[in-house]
Number of protein chains: 2
Amino acid sequence: MTTGRKRTLTLRDVSEASGVSEMTVSRVLRGKGDVSEATRLKVRDAAKQLGYVPNQIAGALASQRVNLVAVIIPSLANMVFPEVLRGISDTLDGTPLQPVIGVTDYNPEKEERVLYEMLSWRPSGVIVAGLEHSDAARAMLVAAGIPVVEIMDVDGEPIDACVGISHRRAGRLMAEAILENDYTRIGFMGTKMPLDHRARKRFEGLTERLAKGGIEIADQEFYSGGSALAKGREMTQAMLTRTPDLDFLYYSNDMIGAGGLIHLREKGARIPHDIGLAGFNGVELLQGLPVQLATMDACRREIGEAAAQIIAKSCAEDREDAAGERIELQPKLTTGDTLVRGS
Amino acid sequence: MTTGRKRTLTLRDVSEASGVSEMTVSRVLRGKGDVSEATRLKVRDAAKQLGYVPNQIAGALASQRVNLVAVIIPSLANMVFPEVLRGISDTLDGTPLQPVIGVTDYNPEKEERVLYEMLSWRPSGVIVAGLEHSDAARAMLVAAGIPVVEIMDVDGEPIDACVGISHRRAGRLMAEAILENDYTRIGFMGTKMPLDHRARKRFEGLTERLAKGGIEIADQEFYSGGSALAKGREMTQAMLTRTPDLDFLYYSNDMIGAGGLIHLREKGARIPHDIGLAGFNGVELLQGLPVQLATMDACRREIGEAAAQIIAKSCAEDREDAAGERIELQPKLTTGDTLVRGS
DNA sequence: TTGAAAGCGCTAACAC
DNA sequence: GTGTTAGCGCTTTCAA
């Protein structure tokens with residue numbers, strides 16, 4: 001290792017060190033074009049020796065090509081999104097593309113800012129959670145002229161492509177399972193959701209379908225912040241104090257559901273005989289609980305994979321006909337031990 | 001909105017639309033230099049009208065300045081890192097800097113690749129988890145000539161700055177708590193850790209300190225993959241079958257610890273009278289459990305904040321003297337309900 | 001307060 | 001197989 005330098009290395013440095021023209025150095029380093037084995041080696045050695053790292057900024061500007069895919073999600077804390085990211089990342093690993101993550105905190109204004117920032121790097125594609133965006137955000141996405149995949153949800157009008165599940169349908173499915181098992185006094189607990197559109201849609205799907213079965217939600221409560229497990233306990237306790245005759249609790253996510261489950265078991269409730277429970281997401285993390293919470297898988301990984309494939313395809317083919325795809329995945333109900341009332 | 005275009009917009013388009021020179025348009029859009037209110041408005045309007053998004057690639061190349069901070073972490077699934085990221089992100093929000101996340105999967109080769117990719121975008125700084133890197137990775141970091149902050153750990157030789165806790169010390173502290181409470185038959189459970197250096201250091205700190213107290217680990221088991229909660233249950237059951245006289249179980253993370261705790265409570269074990277437990281990380285998520293697992297906070301958020309501050313400072317001051325800082329945070333032991341043997 | 005010229009480090013296109 | 005030339009879209013610098 002030589003002493004610290006001020007200027008970072010350029011192609012020219014490698015060119016001089018190897019006695020090969022800049023252009024050929026560039027070709028070697030990118031593995032493009034025919035270069036003789038001899039010069040290839042000379043260049044590789046010189047580059048390694050110097051510790052040269054190419055400047056993608058210059059490369060991207062010159063080639064008008066950026067191997068980045070912007071991925072915009074509401075939160076990293078949510079357990080759900082890291083799994084989507086893994087699907088994206090694994091799929092992109094087989095391509096020259098690289099994901100770049102932006103987080104919006106479920107805040108439309110922040111989404112707009114993040115989107116602006118990311119688009120100003122001229123990525124090759126965008127994967128963004130949800131179908132609801134500000135007008136400005138939609139306009140940017142349209143104007144960007146790159147493939148856009150909206151993920152997690154299919155209930156709405158996509159800008160370009162979309163991959164997800166129907167949360168309305170997921171809510172309906174749960175309602176049907178509830179009706180089939182003759183529950184009648186239903187309590188709902190979830191996040192405060194003015195901005196969590198998917199949780200809202202599930203709730204709507206649930207209530208609409210229950211209504212058709214002649215049942216209304218008997219009690220409901222919304223929370224924000226804090227440890228989900230603890231919130232689940234607290235809300236469940238409070239709700240059952242307030243409305244003791246509930247016979248089913250639907251939670252908008254598995255963590256609060258698990259909190260409720262733990263609380264009820266401690267209280268000695270017979271589950272699901274006295275009271276049934278269900279959550280949402282199919283969080284693998286909870287598989288160690290003594291009782292398996294009924295839940296619905298949101299196909300997180302598959303969504304990530306499919307979205308990445310759409311981007312990869314439309315970048316590779318460099319034509320627009322891969323655009324506008326719409327992929328609806330089917331959430332799978334896992335009844336676990338807390339939903340089906342045994343004989 | 002006009003019809004779709006092929007070419008993306010440039011400064012020149014805004015210049016023509018507003019009748020102002022490119023240079024002045026650039027000044028307005030960056031908010032630099034004195035521009036009269038009149039032209040400022042003309043330019044702003046034209047830009048908004050067109051839906052112009054500046055090209056940072058060109059800007060970065062011209063100005064030799066990139067407002068990106070590379071953040072390189074082993075995993076997103078780990079619960080630990082999203083919190084570090086939040087610390088970084090919140091701190092950077094008050095600056096022009098933006099974090100870009102790369103994930104290594106605890107794989108040194110992937111770390112090298114990710115690092116290379118990120119450095120090729122010439123970020124203003126790097127935050128990277130851990131002090132252990134391949135020679136090539138270290139060389140790149142040194143050669144990059146930008147501030148580097150290694151986080152999570154301070155047991156080793158940092159390249160530049162570092163912020164973290166001493167995991168060796170954390171292990172020692174736990175050993176001391178174990179000795180003080182007169183536990184003598186200790187079992188250890190953790191991830192297979194050839195590459196999780198921090199878990200390894202904690203283990204070493206633990207065993208060394210216990211040895212001084214005349215105690216050896218009586219049994220140990222390592223896992224990989226799967227639901228941590230479930231693994232914790234299974235391993236605990238297996239270990240107690242194999243070595244029934246254990247009176248303390250130390251888990252290398254809270255999730256497997258929680259799995260063990262749930263299992264033991266189900267079995268009717270009196271905790272901590274019959275057997276004590278402790279985990280590591282201070283995962284907030286578990287606060288809803290009926291019994292609080294003893295754990296040690298790893299100062300995740302603070303680490304993120306401090307690291308981001310170091311980067312922000314040395315970028316702002318644009319001098320090297322902020323370099324080489326070393327910040328050791330102190331992990332706090334939370335005894336919860338599973339460590340201190342009540343009178 | 002505004003504009004003109006030069007060039008950031010690389011690659012596309014074409015010559016040799 | 002290799003080299004030359006001309007930009008990519010911006011910002012820096014300097015002049016007006």
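Remember, predicted model here, so these are calculated numbers, not experimental data. Letters go in sequence order (proteins before strands), and every chain restarts at 1.
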By the salt bridge (charged side-chain N to carboxylate O under 4.0 Å, His left out) test, which pairs, at least two apart or in different chains, include something from residues 78-97 of chain B?
B:E83-B:R300, B:D90-B:R301
For nucleotides 5-16 of chain D, read 5' to 3', which letter fits each nucleotide if B means a protein heavy atom sits under 4.0 Å from the base, S means only the sugar-phosphate is that close, and - means neither?
--BBBBBB----
Residues two or more places apart in sequence or in another chain: which of them pass side-chain contact (heavy atoms from CB on, under 4.5 Å) with B:E37?
B:R40, B:L41
Check the phosphate of D:dG3 against A:S21, side-chain N and O only, distance under 4.0 Å to OP1 or OP2. Yes or no?
yes
Looking at CG of B:L131 and CE of B:M152, how far apart are the two atoms once the value is rounded to the nearest 0.5 Å?
11.0 Å
Pairs satisfying salt bridge (charged side-chain N to carboxylate O under 4.0 Å, His left out), at least one member in residues 140-156 of chain B, at least two apart
B:D153-B:K201
Just jot down the side chain to side chain donor-acceptor pair (under 3.5 Å) partners of A:Q98, sequence neighbours excluded, or say none.
none
Terminal axes of the helix from C:dT1-D:dA16 to C:dC16-D:dG1 (five pairs each): angle between them, nearest 10 degrees
30°
For B:N55, check side-chain contact (heavy atoms from CB on, under 4.5 Å) against everything at least two apart and list the hits.
A:R122, B:I57, B:A58
Under 4.0 Å from any heavy atom of chain B: name the first and the last nucleotide of DNA chain C that qualifies, 5' to 3'.
C:dT1 to C:dG9
Suppose we screen for side-chain contact (heavy atoms from CB on, under 4.5 Å). Which residues come up paired with B:R65, at least two apart in sequence or across chains?
B:S63
By salt bridge (charged side-chain N to carboxylate O under 4.0 Å, His left out), A:K48 pairs with (sequence neighbours left out) none
Kindly state each residue pair satisfying salt bridge (charged side-chain N to carboxylate O under 4.0 Å, His left out) with at least one member in residues 9-25 of chain A, sequence neighbours excluded.
A:R7-A:D13, A:R12-A:E16, A:R12-A:E22
Set of side-chain contact (heavy atoms from CB on, under 4.5 Å) partners for B:P74, sequence neighbours left out
B:F81, B:T104, B:Y106, B:A129, B:R198
